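Data block below; observations after.
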Amino acid sequence: MNNNFSKLKDLVMSLEGDFEKFYDKGNAAAGTRVRKGMQDLKNMAQDIRKEVQDIKNSTAEKK
């Protein structure tokens, strides 16, 4: 759990500069990086959701 959460936080923090460049300075290339980062975030979130569901289901089967 810790590893996935750390990766998630690191990804969000790595996007901070590009968010500022895009929204505050209008840098289009930074907007492209933000979009890519958000897609990576979406994929990572989906993977974590699947992992949580798998763990939850395997725990329920043991009972």
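Model, not experiment: these values are computed from the prediction.
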State which residues pass side-chain hydrogen bond (donor to acceptor under 3.5 Å, both in side chains) with K9; sequence neighbours excluded, sorted by chain then number.
none

Partners passing side-chain hydrogen bond (donor to acceptor under 3.5 Å, both in side chains) against N57 (at least two apart in sequence or in another chain)
Q53

Considering residues at least two apart in sequence or located in another chain, which fulfil the side-chain hydrogen bond (donor to acceptor under 3.5 Å, both in side chains) criterion with K36?
D40

Give the minimum heavy-atom separation between L15 and R33, together with the two atoms involved.
CD2-O, 4.0 Å

Mind checking who shares a hydrophobic cluster with I55, ILVMFWY linked at side-chain heavy-atom distances under 4.5 Å?
none

Sorted by chain and number, sequence neighbours left out, salt bridge (charged side-chain N to carboxylate O under 4.0 Å, His left out) with D54 holds for K50

Taking ILVMFWY side chains as joined if any heavy atoms are under 4.5 angstrom apart, and letting links pass through other members, which residues group with M13?
none

Would you please name every residue forming a side chain to side chain contact (heavy atoms under 4.5 Å, CB included) with Q39, sequence neighbours left out?
K42, N43

When you compare the side chain of M38 with that of L41, does any pair of heavy atoms fall below 4.5 Å?
yes

Please tabulate, for side-chain N and O atoms in residues 19-30, each donor-acceptor pair with protein atoms closer than 3.5 Å (sequence neighbours left out).
residue: N27; atom: OD1; partner: A29; partner atom: N; Å: 3.0
residue: N27; atom: OD1; partner: A30; partner atom: N; Å: 3.0

